[in-house]
Amino acid sequence: MKRNETGTVKVHFQLQQGYHSNSNTPSEDYLIPMKLSWSADPLKVEAVEYPKPSFEKYAFSEKPLSVFSGDFEIVTKFKVPANVSSGPALATGKLRYQACNDRMCLPPKTVEIPLTIEIQ
């Protein structure tokens, strides 16, 4: 990425067949949303863009739930400040989610996503 420009990073995710995760905008207040956050100093996070969720009906819910399943990507837009030195910049993402199937939900989990961005 170049100084004083915005670049995008796509992170690919895959949920095991038969499992889903609540989207970043769950249908019910009590559901745990998927959230990707970054510690990326000196880079600035301008936006985190989630895919369009699907609405699935499960036996345990009266209305369809907003979920992600299968393969999907979350896109982050980083702004590189003009005064940043050239070379590698380290960013650490944290993805918080809860995987569920049609009968139960696993405990919520947070996974770290290490990322090195080369500044030009």
Side-chain angles (χ1 to χ4, degrees):
M1 289 186 192
K2 295 183 179 181
R3 288 187 207 97
N4 208 30
E5 290 187 3
T6 299
T8 60
V9 173
K10 295 178 182 180
V11 182
H12 182 84
F13 298 97
Q14 182 178 25
L15 288 171
Q16 186 175 7
Q17 186 173 356
Y19 282 86
H20 66 271
S21 174
N22 296 309
S23 75
N24 58 307
T25 54
S27 305
E28 300 286 346
D29 290 340
Y30 67 88
L31 297 173
I32 296 170
M34 180 174 284
K35 180 173 174 61
L36 178 59
S37 58
W38 291 96
S39 296
D41 193 46
L43 304 175
K44 307 293 181 204
V45 176
E46 290 202 327
V48 176
E49 299 172 355
Y50 297 86
K52 182 179 178 181
S54 59
F55 288 86
E56 303 288 334
K57 179 74 174 88
Y58 299 99
F60 60 83
S61 176
E62 290 184 18
K63 65 180 185 177
L65 301 180
S66 174
V67 300
F68 298 135
S69 59
D71 295 336
F72 59 93
E73 291 181 333
I74 299 176
V75 177
T76 303
K77 292 184 180 178
F78 291 100
K79 172 78 174 182
V80 181
N83 61 349
V84 173
S85 300
S86 295
L90 303 176
T92 302
K94 290 191 177 193
L95 180 73
R96 175 103 170 131
Y97 70 101
Q98 184 174 30
C100 303
N101 61 25
D102 60 350
R103 295 181 317 278
M104 65 172 195
C105 287
L106 301 174
K109 188 173 186 177
T110 301
V111 293
E112 285 196 358
I113 303 164
L115 178 66
T116 302
I117 298 173
E118 192 65 33
I119 306 299
Q120 302 173 357

For M104, the other hydrophobic cluster members (4.5 Å side-chain criterion, sorted by chain and number) are Y19, L106

d(D41 CG, T92 OG1) to nearest 0.5 Å is 11.5 Å

**Study point:** Cluster link L43 to V11, ILVMFWY, side chain under 4.5 Å
**Key:** yes

message: I want to check something: taking the side chain as every heavy atom from C-beta on, are L65 and P26 in contact at a cut-off of under 4.5 Å?
response: no

Item to check | Verify same cluster id: V9, V48 (apolar side-chain graph, 4.5 Å) | outcome: yes

For the side chain of R3 and the backbone of I119, is there at least one donor-acceptor N/O pair under 3.5 Å apart?
-> no

ask   = Are L31 and F68 joined in one hydrophobic group, where the rule is that I, L, V, M, F, W and Y side chains link up if heavy atoms are under 4.5 Å apart?
value = no

**Report entry** Non-hydrogen side-chain atoms of Y58 and H20 separated by less than 4.5 Å
**Finding:** yes

OG1 (T110) and CG (L95) are apart, to the nearest 0.5 Å, by 8.0 Å

* With the 4.5 Å side-chain cut-off for hydrophobic clustering, are V111 and V45 part of the same group? -> yes

What pairs of donor and acceptor atoms, side-chain ones from residues 69-83 against any protein atom, are under 3.5 angstrom apart with sequence neighbours left out?
| unit_1 | atom_1 | unit_2 | atom_2 | d |
| --- | --- | --- | --- | --- |
| D71 | OD1 | Q14 | NE2 | 3.2 |
| T76 | OG1 | W38 | NE1 | 2.9 |
| K77 | NZ | E49 | OE2 | 3.2 |
| K79 | NZ | N4 | O | 3.4 |

Taken in chain and number order and not counting sequence neighbours, the residues that satisfy salt bridge (charged side-chain N to carboxylate O under 4.0 Å, His left out) with K109 are none

Closest non-hydrogen contact found for T8 with M1 is N-CE, 4.1 Å

Those residues at least two apart in sequence (or on a different chain) that pass side-chain hydrogen bond (donor to acceptor under 3.5 Å, both in side chains) with S37 are none

| message | Check whether Y50 reaches the backbone of T25 with its side chain - one donor and one acceptor, N or O, closer than 3.5 Å. | response | no

Residues at least two apart in sequence or cross-chain that pass ring pair (Phe, Tyr, Trp, His ring centres under 6.0 Å) with F55, listed by chain then number, are none

| query | Do I32 and L36 belong to the same hydrophobic cluster, where Ile, Leu, Val, Met, Phe, Trp and Tyr are linked whenever their side-chain heavy atoms lie under 4.5 Å apart, directly or via other members? | reply | no

Note to self: Looking at K52, I want to see if its NZ is surrounded by more than 12 non-hydrogen atoms of other residues, nucleotides or ligands under 6.0 Å.
What the structure shows: no

P88 side chain reached by E118 side chain, heavy atoms, under 4.5 Å = yes

Greater than 12 external heavy atoms within 6.0 Å of Q120's CD:
yes

Donor-acceptor check, side chain of S66 to backbone of S27, threshold 3.5 angstrom: yes or no? no

For residues 95-108, the salt bridge (charged side-chain N to carboxylate O under 4.0 Å, His left out) pairs (sequence neighbours left out) are none

